[in-house]
Amino acid sequence: MTTPPNPDLEYITAAAAAALDEGRRRLDSATTAAQFSEAERDVLGKRSALATLNTLLGRAPQADRKAAGAAIHAALVALREFAAELSGDWEARRREERISAERLDLTEYSAGPALPPLPGTRRGIGHLHLVTQTRDELEDTFVAMGFTVAEGPEAETDWYNFEALNMPPAHPARGMWDTLYLRLGPPESVLLRTHTSPVQIRLMESGQLPIYSVMPGRCYRRDTPDARHLPVFHQIEGLVVDEGITFGDMAGVIESFTTAFFGPDIHSRLRPSYFPFTEPSAEFEVTCPICSGSGCRTCSGSGWIELGGCGMVDPNVFAAVHVDSEKYSGFAFGFGIDRLAQVRAELSDMRHLLDNDVRFLTQF
Ligand code: PHE
């Protein structure tokens with residue numbers, strides 16, 4: 001319908017009725033909330049057919065204007081009512097559309113909920129390090145023999161690590177331990193313990209006798225790491241102090257421990273040695289657990305492996321901690337846990353213990 005220059009009542013009434021029909025059709029045919037909003041704007045907004053018709057009123061004949069205006073207004077009201085009825089539904093649809101657009105799909109298959117969720121990747125839970133396992137086993141063996149477990153600090157004073165162990169300042173035997181000193185207090189007064197023997201001193205100093213204890217722990221020496229040495233390693237120390245303790249008791253405890261820990265085929269033997277804190281002193285050896293004594297590479301064909309040191313507590317050590325050496329006697333022993341782990345697991349190089357290579361770690 002082309003717009004005449006001076007539209008009369010008849011034209012305007014017909015045009016308003018057509019705009020109302022067309023408006024209803026537009027509103028009704030929207031299939032999304034967005035389409036409905038667009039239709040609302042088109043049929044009820046400033047540029048809608050009815051709004052345009054309103055602007056033509058001024059050109060209608062004077063007598064027709066009132067009735068024509070009323071016809072436009074009636075069409076507008078009817079269309080608004082129609083739109084309002086539909087818009088309630090569209091409001092609800094719009095909310096749903098927004099929610100589903102904002103929805104985060106957290107299922108692993110985007111194909112839909114019919115599929116089961118992915119199983120996920122199971123991570124290994126890991127296990128204790130070979131050295132820790134060995135230490136725990138050693139503790140268990142000694143606890144079963146009636147020993148208690150004691151611990152001491154890794155940073156020690158010169159007194160505990162050397163002096164109370166019968167090594168006064170400048171004693172030549174101090175050279176048996178390459179020491180790492182800490183910059184704390186006067187020079188060379190605080191150090192990283194070079195062995196677990198200072199824990200003996202702490203135990204005896206506490207004055208609670210008798211003592212049947214083992215003392216595992218980390219030790220430090222200024223050594224270059226190689227196949228058989230680590231600058232950070234572990235020892236376990238044993239100390240027995242009671243009335244009437246003899247060298248024979250010591251030999252018996254070491255033999256009982258050896259068979260309990262390694263099995264009935266493995267035995268121990270003692271060879272004379274020297275430590276400033278024990279007198280007499282010995283080195284103890286065990287049957288090579290790899291070849292059971294027949295001789296192999298690990299034991300250099302001897303059938304024996306040197307494990308650690310031991311001896312009767314020196315009276316000077318008792319004096320330093322105010323234990324009456326007329327009444328009490330005792331023995332001590334100590335050996336390397338890492339070294340023991342190396343022998344038992346037949347490790348060619350001790351440095352594997354520090355590499356943290358899972359291919360190595362998972363073997364134990
Ligand atoms: N502490 C000594 C060392 O590290 C070992 C030892 C302990 C020797 C107890 C005798 C008695 O070499």
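These numbers come from the heavy atoms of this one structure, side chains and all, not from hydrogens, waters or symmetry mates. What you are looking at is a predicted structure, and each value in this text was computed from that prediction instead of being measured. Whatever order the structure lists them in is the order used to number ligands and atoms, beginning at 1. Positions are given from 1 along the sequence.
- Listed by chain and residue number, Arg344 satisfy the salt bridge (Lys or Arg N to Asp or Glu O under 4.0 Å) test with Glu137 (two or more places apart in sequence, or in another chain).
- Residues satisfying the salt bridge (Lys or Arg N to Asp or Glu O under 4.0 Å) test with Glu255, not counting sequence neighbours, are none.
- Taking the six-membered ring wherever Trp is involved, the centroid distance between the rings of Phe247 and Phe331 does not fall below 6.0 Å.
- Arg65 meets the salt bridge (Lys or Arg N to Asp or Glu O under 4.0 Å) test with no other residue; sequence neighbours excluded.
- Side chains of Tyr181 and Asp158: a donor-acceptor N/O pair is absent below 3.5 angstrom, by distance only.
- In summary, the aromatic rings of Phe335 and Phe233 are positioned with their centroids too far apart to meet the 6.0 Å limit.
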Find all protein N or O atoms under 3.5 angstrom from an N or O atom of ligand 1 and list the pairs with distances, or write 'none'.
from	atom 1	to	atom 2	distance (Å)
ligand 1	1 (N)	His195	ND1	3.0
ligand 1	1 (N)	Ser197	OG	2.9
ligand 1	4 (O)	Trp177	NE1	3.4
ligand 1	4 (O)	Arg221	NH2	3.1
ligand 1	4 (O)	Gln235	NE2	2.9

